[in-house]
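Chain naming here is simple, since letters A, B, ... match the order of the sequence lines and numbering starts at 1 in each.
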Amino acid sequence: MSPMLEVHGLSKRFGKVVTAEDVSFSVEPGTALGIVGPNGAGKSTLLSLIGGVLAADGGTIAFDGKDITTLSSGARSEMGIARSFQIPRPFVDMTVFENVYVGAAFGGKVQGQAGYDTTAEALEISGMSHLANVPAGQLRLLDRKRLELARALATRPKLILLDEIAGGLTEKELPPLIEMIRGLRDSGVTVIWIEHIVHALLAVVDELMCLAFGKILAIGDPREVMASREVIEVYLGSTFDMGEAAS
Amino acid sequence: MTQAVVHPHAKVKRATKSSWVGLAVIVVLLLVAPAVPYLVDKGTQGSLVTLFSLIVMATMWNLLAGYGGMLSVGQQAYIGIGAYALVYIADTVGIDPFMAVPIAVVIAGLISFPISFLAFRLTGGYFAIGTWVIAVVVMEIVQQVPALGGGIGVTFNGFSDLTPGRRIAYVYWLSLVGVALAVAVTYWIMRSRLGLGFTAIRDDATAAASLGVRVTRSKRFVFVVAAMGCGLAGAMIAANTLRVQPDSIFSVNYAVFMIFIVVIGGIGTIEGPIVGAVVFFALQQWLSDLGAWYLVILGLLAIVITLFLPRGLWGLLSGNGRIRLFPVGYRLVPPVAILDVTHEPAPATSEG
Ligand SMILES: Nc1ncnc2c1ncn2[C@@H]1O[C@H](COP(=O)(O)OP(=O)(O)OP(=O)(O)O)[C@@H](O)[C@H]1O
Ligand SMILES: [Mg+2]
């Protein structure tokens, strides 16, 4: 079985800022990869490259055994790649239900009653059912993040790319989210999850990657990665909470 | 994963009470409108044809800009193409004028397709200017063709064997069918999956693409549909005025009218351009004697409405979207008590 995602020699720069430099890794189907790294490391950029929002300067991306390097993000979504944006991008003049139905009807290719059911289920999983008919422009930041998740789920993805969806949650709100993502992974969806809250990541992911300055510093067993010297050095002096990571 | 499926069958409503009222009004209109030639004089019928052409243009511009986010200032290109195509096909080729109109519409669409590749290389303000330039180029080309009357233009003779009374009645009915079709097609598009995609693109094209919406493909489709609609408006104008002159049929004034109508009527709704066209048409009738003041008043009105009624006159009439004659949205019917109230708008929070 080929990996769900295989990234090879990926590079991307904005002017002088290198956000991806010779990045290569692969993710096996039905597993979860966590990504950590300091601010500006290129984590979100990596998701944009995988999702097709940005075109790479070099390198290749294969999804489910097919080369998708030059495909549009619309085509990638139809193939089964979904992405939540770190800074939410709601369709502000559409209701929450309509926002999510876009994901079902296009990426998920389910319309009409089947699409409505998919949408309702994605709303339920993300805890947004009670806001279904509210215009998305009126949502608070936290609900906007949930909406990102719901829309991504509605596309019925094989690979879901999550960008800091736990940010802003209280300690009490974290376990349900962790449970949800674990459930997603266990149901066969491949997950790539960027999060600064390392203990939340460690509760779910099978592998962990640490990115810094567009390069992979370490990848592999989550605890080994967190214990490696380079990773600790990168995090020294940053807001990273080692106590939580070790727990 | 043991995810409880709470909505085994999600119930979604698309019609509203107001849309049933709207349907009734439209049915009555469609029953009465065909009888108009028996009720009013020729001049009034001609004016109504003008109104219909304005509704068609504005509806198309709304589709382009209000849903597709394409601020075109060059739709007069297709108005001109539609007008010239009608005259050429009916008079020179000798096809029945009623058949010539749909052919002219198709021609406008066909020409817009390659143009879209050119125009789509530009975005934002450059797109606006680019479409304008393209319209000027189309006019220049048409003026070079002797068979199209060069710089002088052509006269439409397709209906010349009819009495003036019959002729204007035919043109009226033709335009009535045209405007009904243009609105119906727009409504059908906006209710379909395509329309859902357009609305998403309008709000955030990047997010729409990430959810599987084929942005460029959808935009191209809208661009071609809007060109066909403007081609139809052009054919209506030619059949009504009997005279097609390059500098008037390709006039940028049409672009200004479209924008004005959509802005005062309300962008992003199907009803808005219709309301806007009626108001604009009435203003044109009442104020045309005032010369330059007419333009000043139109300009002031546009400014006032943009400032105080961002959703236009239809937004005001509909109670900020509470009434929809043409509902395109989706409402989840709550299985239990879903809070259907609107949230207090949260203060814009930014990421740290
Ligand atoms: N569209 C863009 N144009 C120019 N520079 C960009 C663009 N997007 C990202 N960058 C830059 O690339 C670098 C990496 O950004 P990215 O958003 O990928 O970081 P990140 O690892 O997700 O950081 P954070 O943890 O803060 O979310 C940053 O220096 C950022 O300023
Ligand atoms: Mg980021």
Side-chain angles (χ1 to χ4, degrees), chain A residues 51-53 72-78 81-83 85-87 89-95 97-99 101-103 105-109 111 113 116-117 119-121 123-125 129-141 143-144 151-152 154-155 167 180 182-184 186-187, chain B residues 1-14 66-67 192-194 196-218 268 311 321 328-352:
Chain A
V53 173
S72 70
S73 58
R76 294 186 203 197
S77 168
E78 274 185 7
I81 302 180
R83 188 253 170 101
F85 288 95
Q86 179 178 358
I87 297 169
R89 312 185 69 133
F91 306 127
V92 290
D93 282 338
M94 299 168 84
T95 66
F97 184 88
E98 288 162 355
N99 265 264
Y101 183 58
V102 171
F106 286 89
K109 289 180 273 187
Q111 285 181 75
Q113 189 57 51
Y116 303 152
D117 291 343
T119 303
E121 195 184 342
L123 286 172
E124 194 63 40
I125 295 173
S129 296
H130 62 296
L131 298 172
N133 296 329
V134 172
Q138 294 180 5
L139 295 180
R140 305 178 174 84
L141 178 62
D143 287 326
R144 287 179 183 226
R151 289 198 308 199
T155 66
M180 198 274 310
R182 194 186 282 143
L184 211 57
D186 292 347
S187 71
Chain B
M1 174 169 62
T2 50
Q3 207 77 56
V5 179
V6 182
H7 296 272
H9 277 290
K11 242 180 97 186
V12 170
K13 259 201 174 159
R14 306 208 55 195
Y67 290 109
S192 71
R193 190 179 86 134
L194 271 169
L196 181 77
F198 296 150
T199 317
I201 292 171
R202 173 197 64 190
D203 280 1
D204 191 324
T206 304
S210 286
L211 293 171
V213 181
R214 304 305 189 91
V215 175
T216 311
R217 209 184 281 176
S218 309
R311 284 163 179 262
V328 296
Y330 302 76
R331 284 190 93 69
L332 185 64
V333 180
V336 278
I338 283 185
L339 290 178
D340 205 21
V341 291
T342 40
H343 259 223
E344 292 157 41
T349 339
S350 62
E351 287 282 287

What pair of heavy atoms forms the shortest contact from [X] to [Y], and how long is it?
X: A:F91; Y: B:D203; answer: C-OD2, 3.2 Å
X: B:A209; Y: A:S73; answer: CB-OG, 3.1 Å
X: A:A120; Y: B:A10; answer: CB-CB, 3.6 Å

State the [atom1]-[atom2] distance between [X] and [Y], to the nearest 0.5 angstrom.
X: A:T119; Y: B:L332; atom1: OG1; atom2: CG; result: 9.0 Å
X: A:Y116; Y: B:K13; atom1: OH; atom2: NZ; result: 13.5 Å
X: B:D204; Y: A:M94; atom1: CG; atom2: CE; result: 11.5 Å

Region of [X] that comes under 4.5 Å of a non-hydrogen atom in chain B:
X: A:F85; value: side chain
X: A:A136; value: neither
X: A:V53; value: side chain

ask   = Is there side-chain contact between B:T199 and A:E98, with at least one heavy-atom pair below 4.5 Å?
value = no
Using a cut-off of under 4.5 Å for heavy-atom pairs, which of [options] has the most such pairs with chain B?
options: A:R89, A:E78, A:R182; result: A:R89
options: A:R83, A:K109, A:Q111, A:R76; result: A:Q111
options: A:T155, A:D93, A:L123, A:V92; result: A:D93
options: A:A82, A:A75, A:G51; result: A:A75

message = Looking at B:R193 and A:A105, would you say the former's side chain and the latter's main chain have a donor-acceptor pair under 3.5 Å?
response = yes
query = Going through the distances and angles, do A:V102 and B:V213 end up as a side-chain contact (heavy atoms from CB on, under 4.5 Å)?
reply = CA-CA 8 Å; A:V102 171; B:V213 181; 3.8 Å; yes
task = Return the option, out of B:G329, B:A200, B:A208, with the maximum number of heavy-atom pairs under 4.5 Å with chain A.
result = B:A200
message = Would B:R331 and A:F97 count as a cation-pi pair here, with the cationic atom under 6.0 angstrom from the ring centre and within 45° of the axis?
response = no
message = Report which part of B:R217 has an atom under 4.5 Å of a heavy atom belonging to chain A: side chain, backbone, both, or neither.
response = neither
